[in-house]
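In listed order, ligands and their atoms are each counted from 1.
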Amino acid sequence: MDNQREMKQGDAEKVKSILWEKEQLFLLDQTRLPGEVLLEEQNSVEQVWDAIKQLKVRGAPAIGVAGAYGLVVAMREQTSLDRTAFVAELRKQAAYLDSSRPTAVNLHWALTRVVESVERSRLQSGGDLFAVLQKTAEEIHAEDIQLCRSIGEHGVSLMREGMGILTHCNAGRLATSDYGTATAPMYLAHGRGMGFRVYSDESRPLLQGSRLTAWELQQAGIDVTTITDNMAAFVMQQGLIDMVIVGTDRVAANGDVANKIGTLGVAIMAKHFDIPVYVACPASTVDLSTATGEQIVIEEREAEEVTHFGLRRTAPEGIKVRNPAFDVTPHELVTGIITDRGIIRPPFSETLKAAFCQ
Ligand code: MRU
């Protein structure tokens, strides 16, 4: 197909979750990894909404960037509108994209930033307003790379030669525009010649850990071992884990963090074995308007993700199912939050405010 582009395996360093090329948006279809590396051109806002919903593009920072470019796709045929009509249509499209996934605050943050940049400008024509919109989306994309790089620079101070690190889900290059959040310290340390081992939880039900994290770290030549989620306690008990680093979809003002379902269990186990738990994220994931984790909306997904393994049914027909995509780890279980502004430590309600309230 013309709007799909296949890439070679082994090109992981060149593979980007989001490609903005000649003013066209391409998203890597992550549901096909690790088997196929396929970039899909996005030709309508509905297609972008669907890509976010279906987790073709996923991970908090990446869906923020995809959402911002989604507005470019939505509005590029609307340049003949006058200012009032353009802004009204833009708000409508932003609300539509925002409805695709509720938990990661980065999506809402990026959409709001694009809409506000247009509202703030005094330009009158749809064409001029569209140029502002596109520039803001491109800025969000470029900044995401820089923010992840800074997370890596701060987080690398926690890395030690020979250590074992457990991670859950994928907070890697694939979940961002580059470097990842949880993986940024790993990529930087690896680039500087440090040896360490990563244990990647499989992350049921959609296997972001084994399909995505294991894939991207392996492609980069980092020593990575995949385990199923229920092996984590045993691996910790064997003394193989010195530190947990995970990503997050939203950090509340008190330091509670939402992340992929299973992160809470990892943090509870780590406490038992006295292993530090670090959470890595850019400023756009910190949501000081959400007081505690209790207020974070947790996405519930389709039952088939739990009742089926691939196309094969693994639970009885008609069975009751719960499928929350995320859980909230209380701040007491978090050792520190590695951000682009430094490593934030308890008491989080004070330190987060000091770092992120401008
Ligand atoms: O459902 P997903 O795959 O979007 O969940 C992703 C995660 O939970 C990540 O850990 C989180 O978004 C941080 S990504 C840097």
Peer 1: Can you find a side-chain donor-acceptor pair between Thr292 and Asp256 that sits under 3.5 Å?
Peer 2: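 Judged by distance alone, the side chains do not pair up.
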Peer 1: Once side-chain hydrogen bond (donor to acceptor under 3.5 Å, both in side chains) is applied, do any residues pair with Ser203, and if so which ones, sequence neighbours excluded?
Peer 2: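 Result, side-chain hydrogen bond (donor to acceptor under 3.5 Å, both in side chains) vs Ser203: none returned.
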Peer 1: Quick check: do Lys56 and Leu27 have side-chain heavy atoms less than 4.5 Å from each other?
Peer 2: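 The answer is no; the side chains never approach within 4.5 Å.
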Peer 1: What ring pair (Phe, Tyr, Trp, His ring centres under 6.0 Å) pairs are there with at least one residue in residues 301-340, not counting sequence neighbours?
Peer 2: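 Not a single pair qualifies under ring pair (Phe, Tyr, Trp, His ring centres under 6.0 Å).
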Peer 1: In terms of the angle between their ring planes, are Trp49 and Tyr96 parallel, tilted or perpendicular, with boundaries placed at 30° and 60°?
Peer 2: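 Answer is parallel, since the angle falls under 30°.
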Peer 1: What pairs with Ser157 under side-chain hydrogen bond (donor to acceptor under 3.5 Å, both in side chains), at least two apart in sequence or on another chain?
Peer 2: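 Scan of Ser157 (side-chain hydrogen bond (donor to acceptor under 3.5 Å, both in side chains), adjacent residues dropped) gives none.
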Peer 1: Could you list each nitrogen or oxygen of ligand 1 that sits under 3.5 Å from a protein nitrogen or oxygen, with the atom names and the distance?
Peer 2:
from     : atom 1 : to     : atom 2 : distance (Å)
ligand 1 : 1 (O)  : Arg101 : NH1    : 3.4
ligand 1 : 1 (O)  : Arg101 : NH2    : 2.9
ligand 1 : 1 (O)  : Lys260 : NZ     : 2.7
ligand 1 : 3 (O)  : Arg58  : NE     : 2.8
ligand 1 : 3 (O)  : Arg58  : NH2    : 3.2
ligand 1 : 3 (O)  : Gln208 : NE2    : 2.9
ligand 1 : 4 (O)  : Gly59  : N      : 3.0
ligand 1 : 4 (O)  : Arg101 : NH1    : 2.8
ligand 1 : 8 (O)  : Asp249 : OD1    : 3.1
ligand 1 : 8 (O)  : Asn259 : OD1    : 3.1
ligand 1 : 8 (O)  : Lys260 : N      : 3.2
ligand 1 : 10 (O) : Asn259 : OD1    : 2.6
ligand 1 : 12 (O) : Ala60  : N      : 2.9
ligand 1 : 12 (O) : Asp249 : OD1    : 3.2
ligand 1 : 12 (O) : Asp249 : OD2    : 2.9

